[in-house]
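Letters A, B, ... are given to chains in the order of the sequence lines, protein chains preceding strands, and every chain is numbered from 1. FYI, side chains are in, hydrogens and waters are out, and symmetry mates aren't considered; it's all heavy atoms of this structure.
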There are 2 protein chains.
Amino acid sequence: MTDRKQLVVNKAHQLFMEKGFQATSIQDIIDFSGISKGTFYNYFSSKNELLMAIFTSLHQRIDEERNRLLVGQDPSDLEIFIKQLEMHMEFNRRNKLFTLFEEVFISNDPALKQFLERIQILYIRWIYNRFVDIFGKIKQPFLLDCAIMFTGMLHHNIHFHFLANQMDGNIKKVIRYTVHRIEKMVDEIEISGDQLLKPSILEKWLPDCYTSREALEKKLSGIVLALKKCLTDNKEQLKYLELLDFIQDEIIQAKPPRKYLVQSALFTLGNNQEENWKVELRKLEEIIGEFFSKKENDES
Amino acid sequence: MTDRKQLVVNKAHQLFMEKGFQATSIQDIIDFSGISKGTFYNYFSSKNELLMAIFTSLHQRIDEERNRLLVGQDPSDLEIFIKQLEMHMEFNRRNKLFTLFEEVFISNDPALKQFLERIQILYIRWIYNRFVDIFGKIKQPFLLDCAIMFTGMLHHNIHFHFLANQMDGNIKKVIRYTVHRIEKMVDEIEISGDQLLKPSILEKWLPDCYTSREALEKKLSGIVLALKKCLTDNKEQLKYLELLDFIQDEIIQAKPPRKYLVQSALFTLGNNQEENWKVELRKLEEIIGEFFSKKENDES
DNA sequence: ATCATTTTTGTACAGGCAGTATAATGAATC
DNA sequence: GATTCATTATACTGCCTGTACAAAAATGAT
């Protein structure tokens, strides 16, 4: 994405935050960004497409931050989860994402509609996966229901919390409150055995072409980031940096990745003996392994 | 509201359900309703105002239905509450109210925004009041939080339920599931003693000029309806009908009601000795008493 | 039945927006 | 220096909202 295009995205986001999405005309965006109409339509085919670019951009940033908080931590630690939620909610508040999302949530444009639905499901799935980390695999059958209810509770609680205390209340209390509730509810549901939705439906909702691709890319970049953090500025370690970048590019590129080259690079990465490094490297090996086995399955 | 005006409301609702709110232009509504542009703007000053008329109309119908289900029943009976929810959700589904509401939930028009917020809060308050009926006054301090979380959970559950089973799943299961969850949660929260919002904030959210008026009118019509149902077609009992209608009109009229006339009418209503009648009559006396004492407070 | 008042209609108009088309301008590349 | 490409300015179509107003129709009172 060009700098110029990104500038338009940022300027538009700014206008949407100030005036709302519907109330902002393309003309406004053009004037505010200092570009011509032709350029705008060169970048985006419509206001909706621009909106999607905004969401994508913000979504990526959230995801990076979330992964950063998890790096080198115990994924079953509830406090980490709470920290992630706090970051996410604070981010949403700062960027008026709640408002923006709600304003366009139901749209006539099927493309936008589908796009937003996907974002929402990705969000639910993230919660679900974290719940599996936290509450354990035994409770997995109930955790999709819990993830759905949790997001409903949390967003409603935050909504009315803001209605009550104009912005100056602390969200943290609300998050902790809601997390406490879901903790107890998980136990209760396991005892009752009730289930509404099977977690396997997530795979149906997120077609493989999307999930494996995008989720993989995100996981990948998260782990690579974590690995890079382990590196010092040693000459020795610069080669690891190169290898990491190579692997990430090779997988993300649309062209068929050269499997054995990647594996060889992975093997070399194993030479680094740092503690955190090894943990993260194992994750990297795991998802790359999954990636290739899935790929070969698809081809056969 | 004229028949003609109501016709436009219905026709517009039909179009909104088919094509969505945003995608329907005023011209569409005019053509579909067979009226002229002048007439439209005679009835409504904008599309938003028409939308509010639709919501008001549907909201009234929901409220009537809800009260009808409660008439002569034990308000603490959970099964009645579930029936009310089933009716409401089924009504929403039939009239695509979920969609419509979501589509316009965030609006640039401050009037519409406020209107919708009020509807939402009225809904929360209804749930809250029913929770007080069901779970008892002891748990009152926690029940606003519970009402908020319950609506969040329910709507999210229903949303994803529809996503999973295209319309053909039964909502009833989802409702029961969610009600079960909140039942347990109420107990859990009471033990923990956590509270986010004090129920008294409801009065702040719904300014008196609205609450006392509208809530009163609704309660009133509900109780009067219940009382009318107790009546048979006896000549004897026709006078009660007259008295009931008189009281209702006198209170709802904007002009200052004649207090002593109303009280006398109430006294006469006490002559009927039926069992259900007496229960409902006591409620009637109670809210009318509240109404007058509040009124005198305001005037002093 | 007649007259006055209100409602409705048809039509025209101003102003705004989305999206397209195109010729002119500018800058970087080869 | 020529070519290519993104960018600009501008004009244009078509659709929409909201206003205005005079003619026609319906309503209601006498």
Margin query: Please report the distance, rounded to the nearest Å, between CG in A:Asp3 and P in D:dT7.
Written below: 12 Å

Check: Rounded to whole angstroms, how far apart are CZ on A:Phe44 and P on C:dT20?
Finding: 15 Å

Item checked: Stepwise side chain to side chain contact (heavy atoms under 4.5 Å, CB included) test for A:Phe160 and B:Gln120 -> CA-CA 11 Å; A:Phe160 287 96; B:Gln120 209 197 6; 4.1 Å; yes

Next item on the list: Assert yes or no for the condition that the ring centre distance of A:His88 to A:Tyr123 is strictly below 6.0 Å.
Entry: yes

Item checked: For atom NZ of A:Lys47 and atom C1' of C:dG16, their distance in whole Å -> 13 Å

Note to self: When you measure from the side-chain N and O atoms of B:Tyr43 to the phosphate of C:dT8, is any distance below 4.0 Å, counting only OP1 and OP2?
What the structure shows: yes

Item checked: Nucleic acid contacts - residues 19-33 of chain B versus DNA chain D, non-hydrogen atoms under 4.0 Å -> B:Ser25, B:Ile26, B:Gln27

Notebook entry, point to check: A:Asn42 or A:Lys37: which one's nearest nucleotide on DNA chain D is closer to the 5' end?
Noted result: A:Asn42

Next item on the list: Answer yes or no: are there more than 12 heavy-atom neighbours, outside B:Lys228 itself, under 6.0 Å from its atom NZ?
Entry: yes

Next item on the list: Give one of base, sugar-phosphate or nothing for A:Phe40, where a contact means two heavy atoms less than 4.0 Å apart.
Entry: nothing

Next item on the list: Ignoring backbone atoms, establish whether B:Arg4 has a side-chain N or O less than 4.0 Å from OP1 or OP2 of C:dT9.
Entry: yes

Next item on the list: In whole angstrom, give the distance that lies between atom CD of B:Glu49 and atom P of D:dG18.
Entry: 11 Å

Check: Can the positive tip of B:Lys96 be found less than 6.0 Å from the middle of the six-membered ring of B:Phe16, inside 45° of the ring normal?
Finding: no

Notebook entry, point to check: Between atom NZ in B:Lys5 and atom P in C:dT7, what is the gap in whole Å?
Noted result: 12 Å

Checklist line | Validation row: A:Phe115, A:Asp109 side chains within 4.5 angstrom (heavy atoms) | finding: no

Notebook entry, point to check: Would you say C:dT9 has OP1 or OP2 under 4.0 Å from some side-chain N or O of B:Thr39?
Noted result: yes

Margin query: From CD1 of B:Ile35 over to C1' of C:dT8, roughly how many Å is that when rounded to an integer?
Written below: 10 Å

Checklist line | Atom-to-atom span, CG of B:Asn48 to C1' of D:dG18 - whole angstrom | finding: 14 Å

Next item on the list: Would you please indicate yes or no on a ring centroid separation below 6.0 angstrom for B:His159 and B:Phe98?
Entry: no

Note to self: Any salt bridge linking B:Arg61 with B:Glu64? Criterion: basic side-chain nitrogen under 4.0 Å from a carboxylate oxygen.
What the structure shows: no

